[in-house]
Amino acid sequence: MKKIFIAIIAICALCLVGSCNQELLDTTPTTAVSGDFMLGDTDGGYMALNGTLRFLWRWGQTTTGNYHQCFGIQSYALMGDLMGEDMVMAAQGNGWFWFDYNYNVKSRYTLSTWRPYDAWNYYYTIISQVNYILAAQETMEGASADVEYIMGNAYALRAYSYHYLAMTFARSYIGHEDRLCVPVYTEPSSAGTEGKPRSTNREVYAQAMSDIDKAVALLAGKAQKHCSHIDEYVANGIKARIALCMGDYNTANAAAAIAVKGGSIDFDKNFQYNDATQASVLWGAEVITAQGTTNPQFLAHMDIDFAGYGARARKCCSTELYDQIADNDLRKEAWWTYEVLADGTTYGYQQWKFQFANKAGKGCGSVDDPYTGADHIFMRAPEMQLIMAECEARLGNEAQAKVLLNELMATRQPGYDCSAKSGLQLGALTTDKTGSLLEEIILQRRIELWGEYGRIYDIKRLRQGFERTLEMGHPQASLNVIATNDCHLYDPESFDWVLTIPQQEMDANPYMVQNPIGSYAEGNYGDDPSLNR
């Protein structure tokens with residue numbers, strides 16, 4: 001019997017410190033989180049947990065090449081944004097993320113250097129690590145509060161990973177509840193573990209909800225020991241995201257209402273998304289010099305002052321989204337209108353939302369120290385407020401939805417008032433406008449979370465299609481590639497937004513069914529449960 005391909009990689013375990021205002025977690029190398037010695041008590045449990053959490057932003061661990069586009073959670077958020085319509089990649093630059101942007105990675109599933117292998121390996125590595133931690137729940141010695149804290153984090157990480165595996169390797173939950181998703185593993189595994197068939201969306205999301213419910217219960221009333229850790233606010237934020245994708249709006253609303261209390265929804269125009277201790281941040285990773293890097297990090301791809309990837313492959317706002325931002329909306333300053341270079345090259349709506357902290361100022365042309373001032377931001381309170389507004393609208397409580405949206409916008413756009421909006425209509429394409437309240441909530445979500453969450457994940461769950469045009473700012477070179485690959489981005493039933501499964505998993509797991517390489521199911525490729533072997 002062939003065995004499953006799940007990499008148990010060597011990661012750095014991190015010793016616990018008190019808060020993000022102190023020096024970040026010191027590193028102590030380990031080979032794996034498994035083993036009776038490490039997980040015999042809570043000291044070892046914290047080392048294993050912190051090592052796994054470090055994986056959330058550590059680069060170069062999930063592929064055998066193309067490392068500079070593989071740096072944890074924010075790399076998949078950037079991938080998801082570039083797969084949508086709101087973020088423009090003005091040029092190919094060094095090539096990182098260009099193939100995600102152009103829907104040109106699915107056919108590369110046979111290689112261990114590309115996105116299918118990277119994303120699959122990333123999430124299943126986290127799952128494998130936390131499964132070892134969770135297996136020690138009944139035997140770990142130490143204060144019960146510490147055991148609960150460690151296990152709560154582990155359950156939350158497993159829920160998070162299954163949720164994002166589902167959003168990456170399966171079609172939307174809504175409308176495809178009983179279609180194939182990904183295999184579920186809840187026991188310690190290794191490269192020799194026997195593989196399992198793909199579970200359905202319904203089964204995978206049930207596991208994710210079960211895990212996050214356990215995390216919420218275990219973390220209730222416990223203070224966050226470090227900003228990279230998951231507390232009850234972050235756990236509820238993850239729960240809100242999962243339930244929102246499922247269309248369980250009551251659950252998403254209730255979870256988001258708890259999560260939002262962990263941070264501020266006020267807008268800070270001076271925040272450049274490089275400080276995990278900022279008031280709106282619920283969850284992030286602090287980076288210090290000893291653990292920082294130069295190119296393989298989120299801000300290096302975003303901030304043109306770094307004079308590297310951010311300058312050569314500029315990330316811009318589409319004109320379609322930019323033109324919908326009110327002129328008195330303070331968030332509009334996150335993008336320059338136009339920049340014309342000496343060679344005549346024009347960049348529309350260059351982003352300045354994300355910047356390194358250690359530099360003289362916006363547009364200064366240099367970054368003094370890319371090793372620090374580059375924290376990773378995973379979740380913010382405004383997202384939770386927007387989830388609540390959407391859920392209230394969908395549940396028929398339009399008045400409350402408007403109160404929540406007006407409250408969020410009060411510090412962003414003076415005089416904003418959505419009271420005239422009503423209804424839940426969304427266009428077949430994201431460019432088809434209906435004027436509904438739900439559309440307005442989604443618009444403010446698009447503006448607020450640009451570059452933070454991954455626009456394609458919302459497009460999938462909302463079951464809309466989209467288009468890209470030169471008028472929106474998308475370069476002709478990109479449009480040519482997408483046309484050549486015959487992508488059907490206008491069709492929410494297509495598999496264009498569903499990654500293929502890496503060949504090494506196909507070879508190692510005899511039960512595995514491959515996703516279509518093209519836009520639609522064909523032969524033995526697809527998500528029909530009857531294909532399960």
Side-chain angles (χ1 to χ4, degrees), residues 3-4 6-18 25-56 58 61 121-163 165 183-196 204 206-226 228-232 234-235 238-239 283 285:
K3 306 299 182 182
I4 186 172
I6 295 182
I8 307 296
I9 67 168
I11 63 176
C12 288
L14 309 173
C15 299
L16 184 67
V17 297
L25 319 170
D26 297 324
T27 60
T28 304
T30 65
T31 56
V33 303
S34 59
D36 294 337
F37 175 76
M38 171 169 281
L39 296 173
D41 59 29
T42 52
D43 287 343
Y46 275 120
M47 289 182 66
L49 171 63
N50 288 330
T52 304
L53 288 167
R54 170 82 187 279
F55 194 58
L56 299 184
R58 195 172 182 221
Q61 303 298 306
N121 193 19
Y122 178 79
Y123 292 117
Y124 273 115
T125 295
I126 294 175
I127 290 167
S128 182
Q129 299 286 5
V130 298
N131 280 348
Y132 275 101
I133 296 173
L134 291 169
Q137 184 170 3
E138 300 302 323
T139 58
M140 185 176 290
E141 296 181 356
S144 59
D146 287 324
V147 174
E148 291 172 354
Y149 185 88
I150 292 166
M151 299 305 159
N153 271 259
Y155 276 119
L157 287 170
R158 193 166 72 182
Y160 180 94
S161 296
Y162 277 123
H163 174 43
L165 275 169
V184 172
Y185 300 91
T186 58
E187 302 294 330
S189 55
S190 68
T193 299
E194 184 176 334
K196 292 183 178 182
V204 173
Q207 182 64 54
M209 285 300 292
S210 173
D211 284 344
I212 201 62
D213 281 341
K214 291 175 182 175
V216 168
L218 288 166
L219 294 170
K222 295 179 177 64
Q224 190 180 44
K225 294 179 182 293
H226 190 273
S228 64
H229 287 189
I230 297 171
D231 62 7
E232 63 178 317
V234 178
I238 295 172
K239 182 175 181 177
W283 188 27

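This chain uses plain numbering: 1 for the first residue, then up along the sequence. The figures that follow rest on heavy atoms only: side chains count, while hydrogens, waters and symmetry mates do not.
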Atom of [X], atom of [Y] and distance for their closest heavy-atom approach:
X: M151; Y: A136; value: CE-C, 3.9 Å
X: F55; Y: Q61; value: CE1-CB, 3.4 Å
X: A154; Y: I133; value: CB-CG2, 4.1 Å
X: T186; Y: V184; value: CG2-CG1, 4.0 Å
X: W283; Y: I238; value: CZ3-CD1, 4.2 Å
X: E194; Y: Y185; value: O-CE2, 3.9 Å

Hey, does the side chain of [X] reach the backbone of [Y] with a donor-acceptor pair shorter than 3.5 angstrom?
X: N131; Y: E187; value: yes
X: Y149; Y: K225; value: yes
X: S128; Y: Y124; value: no
X: Y160; Y: Y123; value: no

Derivation of the side chain to side chain contact (heavy atoms under 4.5 Å, CB included) call for Y122 and L56: CA-CA 9 Å; Y122 178 79; L56 299 184; 3.6 Å; yes
[atom1]-[atom2] distance between [X] and [Y], expressed to the nearest 0.5 angstrom:
X: L157; Y: H229; atom1: CG; atom2: NE2; answer: 9.5 Å
X: I230; Y: L49; atom1: CD1; atom2: CG; answer: 8.0 Å
X: R158; Y: L165; atom1: CZ; atom2: CG; answer: 12.5 Å
X: D211; Y: I127; atom1: CG; atom2: CD1; answer: 9.0 Å
X: Q129; Y: L53; atom1: CD; atom2: CG; answer: 11.0 Å

Test side chain to side chain contact (heavy atoms under 4.5 Å, CB included) applied to L39 and T139, step by step: CA-CA 9 Å; L39 296 173; T139 58; over 6 Å; no
With a cut-off of 3.5 Å and sequence neighbours excluded, list every side-chain donor-acceptor pair involving residues 141-148.
unit_1 : atom_1 : unit_2 : atom_2 : d
D146   : OD1    : Y46    : OH     : 2.7
E148   : OE1    : K222   : NZ     : 2.7

Assess whether side chain to side chain contact (heavy atoms under 4.5 Å, CB included) is satisfied between V234 and Q224, documenting all intermediate values. CA-CA 9 Å; V234 178; Q224 190 180 44; 4.1 Å; yes
